[in-house]
> 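Okay, here's the structure, questions in a sec.
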Number of protein chains: 2
Amino acid sequence: MISNDLLKGTLRTIVLKLLADNGRMYGYEITKRVEELSAGKIKLTFGALYPVLHKLEADGHIQTEVEYIGKRVRKYYTLTETGRSWSERKVDEFFDFVNTLTYVLKPTPA
Amino acid sequence: MISNDLLKGTLRTIVLKLLADNGRMYGYEITKRVEELSAGKIKLTFGALYPVLHKLEADGHIQTEVEYIGKRVRKYYTLTETGRSWSERKVDEFFDFVNTLTYVLKPTPA
DNA sequence: ACAAATATATAAGCATTTTATATATAATGC
DNA sequence: GCATTATATATAAAATGCTTATATATTTGT
């Protein structure tokens with residue numbers, strides 16, 4: 001399992017990128033997909049995920065549409081235009097961050 | 001400049017690794033070294049750094065010794081035994097985290 | 001003299017995450 | 001038939017961790 005501390009600040013980016021890749025997804029699906037892509041190492045909790053989704057929606061980065069699967073409500077999230085471009089920026093930012101931090105964490109004593 | 005959100009959770013790791021590489025350092029020196037190693041992209045603030053240093057000390061991962069440079073107090077931090085091994089674990093954890101998140105953030109739509 | 005750099009430190013406020021809780025349906029195993 | 005697990009969304013209190021603001025004091029360069 002990945003240390004939780006490190007995940008801080010990346011949740012938004014993960015959600016945006018998954019939506020950019022998959023068109024539309026619902027909350028539960030997002031947690032499952034992350035678990036799958038990370039080989040079980042990253043497990044998003046709902047208490048963290050839903051506030052992020054609601055915040056992204058409030059900020060106009062994603063839209064929702066409700067669907068009924070039998071009697072069960074399912075809420076699909078889709079990126080808006082601004083959400084899509086923001087997604088790309090966030091992913092670039094992450095890899096830039098990794099490169100930069102690598103300079104700091106790679107050196108070993110002389 | 002690196003997005004602040006992403007740095008969350010890595011501060012501890014940065015401090016531990018720098019101390020592991022450099023033997024002993026003082027707070028101000030740590031911020032300067034990080035700025036230098038990251039080509040100005042990462043700037044630690046004192047409000048973030050000192051609480052981390054104090055916490056690491058309280059947890060027994062680092063020790064301090066005070067020195068006087070003229071009339072100015074300078075506080076040197078050194079890793080303890082547990083701090084040294086924890087440092088290695090934390091750095092490994094970071095790169096593991098990066099690899100894992102790369103699996104999540106790399107895929108593009110079919 | 002004055003400004004900028006050096007040096008440590010605390011505290012209020014803010015954002016984000018964890019943990020706990022609530023609710024309900026559908027599928028699977030025994 | 002019944003229980004457990006998986007599916008599915010959501011809120012709220014508490015904890016964590018960082019930013020911003022503030023305080024204080026010395027040393028160096030001009």
Side-chain angles (χ1 to χ4, degrees), chain A residues 1-16 18 24-36 40 42-59 61-78 90 94 97 101, chain B residues 1-16 24-36 40 42-59 61-77 90 94 97 101:
Chain A
M1 265 289 282
I2 289 295
S3 167
N4 305 321
D5 288 350
L6 293 172
L7 273 169
K8 292 186 180 191
T10 61
L11 220 171
R12 238 188 221 68
T13 307
I14 291 171
V15 169
L16 288 167
L18 284 187
R24 63 174 209 170
M25 300 180 87
Y26 52 98
Y28 188 81
E29 189 185 8
I30 291 174
T31 65
K32 289 295 150 194
R33 180 61 61 87
V34 169
E35 212 177 319
E36 187 192 314
I42 300 177
K43 290 183 190 188
L44 305 186
T45 58
F46 299 117
L49 178 64
Y50 285 115
V52 165
L53 285 171
H54 298 334
K55 182 92 195 331
L56 286 172
E57 190 183 4
D59 291 348
H61 295 304
I62 59 182
Q63 299 175 306
T64 61
E65 48 182 319
V66 171
E67 225 169 78
Y68 279 87
I69 309 297
K71 282 182 182 175
R72 192 186 283 160
V73 176
R74 185 180 284 174
K75 209 176 195 175
Y76 278 101
Y77 298 89
T78 322
K90 279 298 216 179
F94 174 76
F97 157 76
L101 243 198
Chain B
M1 266 291 279
I2 290 295
S3 168
N4 305 320
D5 287 350
L6 292 172
L7 273 169
K8 291 188 182 192
T10 61
L11 220 169
R12 237 187 221 68
T13 307
I14 290 171
V15 169
L16 288 167
R24 64 174 208 169
M25 299 180 87
Y26 51 98
Y28 188 81
E29 190 186 6
I30 291 173
T31 65
K32 290 295 149 189
R33 181 60 62 87
V34 169
E35 212 176 320
E36 189 192 312
I42 300 177
K43 290 183 189 188
L44 305 186
T45 59
F46 299 116
L49 179 63
Y50 286 114
V52 165
L53 286 171
H54 298 335
K55 183 93 193 333
L56 286 172
E57 191 183 4
D59 291 347
H61 296 304
I62 59 181
Q63 299 176 307
T64 59
E65 48 182 320
V66 170
E67 227 170 76
Y68 279 87
I69 308 296
K71 282 183 182 174
R72 191 186 282 159
V73 178
R74 186 181 282 172
K75 209 175 196 175
Y76 279 101
Y77 298 90
K90 279 300 215 176
F94 174 76
F97 157 76
L101 243 197

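So you know, we letter chains A, B, ... as the sequences are listed, proteins then strands, and number each from 1.
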> Can you find a pair of side-chain heavy atoms, one from Ile42(B) and one from Glu35(B), that are under 4.5 Å apart?
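Answer no - side chains too far apart.
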> When you get a sec, tell me which of dA8(D), dT9(D), dT17(C) is the closest nucleotide to the side chain of Leu11(A)?
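Taking heavy atoms from C-beta onward, the closest nucleotide is dT17(C).
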> CG of Leu56(A) versus P of dT16(C): gap in Å, rounded?
10 Å
> Starting at CG of Leu44(A) and ending at C1' of dA10(D), how long is that distance when rounded to a whole Å?
16 Å
> Has Arg72(A) got a side-chain N or O lying under 4.0 Å from the OP1 or OP2 atom of dA8(D)?
yes
> Quick check for you: among dT8(C), dT16(D), dT7(D), whose closest atom lies nearest to any side-chain atom of Phe46(B)?
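Minimum distance to the Phe46(B) side chain belongs to dT8(C).
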> Answer with base, sugar-phosphate or nothing: what part of the nucleic acid does Gly27(B) contact at a heavy-atom distance below 4.0 Å?
sugar-phosphate
> I want to check one thing: is the phosphate of dA8(D), taken as OP1 and OP2, less than 4.0 Å away from some side-chain N or O of Tyr26(A)?
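For dA8(D), OP1 or OP2 has a side-chain N or O of Tyr26(A) closer than 4.0 Å.
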> Rounded to the nearest Å, what distance is computed from the CD1 atom of residue Ile30(A) to the P atom of nucleotide dA10(D)?
11 Å
> How long is the span from the CG atom in Leu6(B) to the CZ atom in Phe94(A), to the nearest 0.5 Å?
7.0 Å
> Round to the nearest Å and state the distance from Tyr68(A) atom OH to dA24(C) atom C1'.
12 Å
> Which label fits Phe46(B) and Tyr50(B): parallel for a plane angle under 30°, tilted from 30 to 60°, or perpendicular past 60°?
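Parallel, since the angle between the ring planes stays under 30°.
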> Between dT16(C) atom P and Leu49(A) atom CG, what is the distance in whole Å?
14 Å
> Of all the nucleotides listed (dT19(D), dA9(C), dT17(C)), which has the minimum atom distance to the side chain of Lys75(B)?
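So the side chain of Lys75(B) is nearest to dA9(C).
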> Contact class for Tyr77(A) vs. all strands (heavy atom < 4.0 Å): base, sugar-phosphate, or nothing?
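The answer is sugar-phosphate, as Tyr77(A) gets under 4.0 Å only of primed atoms, P, OP1 or OP2.
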> Can you tell me how far C1' of dT10(C) sits from OH of Tyr50(B), to the nearest Å?
12 Å
> Starting at the 5' end of DNA chain C, which residue's closest nucleotide do you reach first, Ala48(B) or Ala48(A)?
Ala48(B)
> If you check every side-chain atom of Lys8(A), which of dA7(C), dT25(C), dG17(D) has the closest atom?
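The listed nucleotide nearest to Lys8(A)'s side chain is dG17(D).
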> What I'd like to find out is whether the side chain of Tyr77(B) reaches to under 4.5 Å of the side chain of Leu56(B), using heavy atoms alone.
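Sidechains of Leu56(B) and Tyr77(B): no contact.
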> Grab the two heavy atoms, one from Tyr26(B) and one from Lys75(B), that are nearest each other, plus how far apart they are.
CB-O, 3.1 Å
> As a test of reading the structure: which of dT8(C), dT10(C), dG17(D) is closest to the side chain of Tyr28(B), going by heavy atoms?
dT8(C)
> Can you tell me how far C1' of dC18(D) sits from NZ of Lys43(B), to the nearest Å?
18 Å
> To the nearest angstrom, how far is Lys32(A) atom NZ from dT5(D) atom P?
14 Å
> Report the residue (Thr45(A) or Gly70(A)) whose heavy-atom-nearest nucleotide on DNA chain C is the more 5′ of the two.
Thr45(A)
> Using a cut-off of less than 4.0 Å, is there contact between a side-chain N or O of Arg12(A) and OP1 or OP2 of dT16(C)?
yes
> Among dT9(D), dA7(C), dA10(D), which nucleotide has an atom closest to any side-chain atom of His54(A)?
dA10(D)
> Charged N to carboxylate O below 4.0 Å: is that the case for Glu67(A) and Arg24(A)?
yes
> If you only use heavy atoms from C-beta on, which nucleotide in dA7(C), dA6(D), dT9(D) is closest to the side chain of Arg74(A)?
dT9(D)
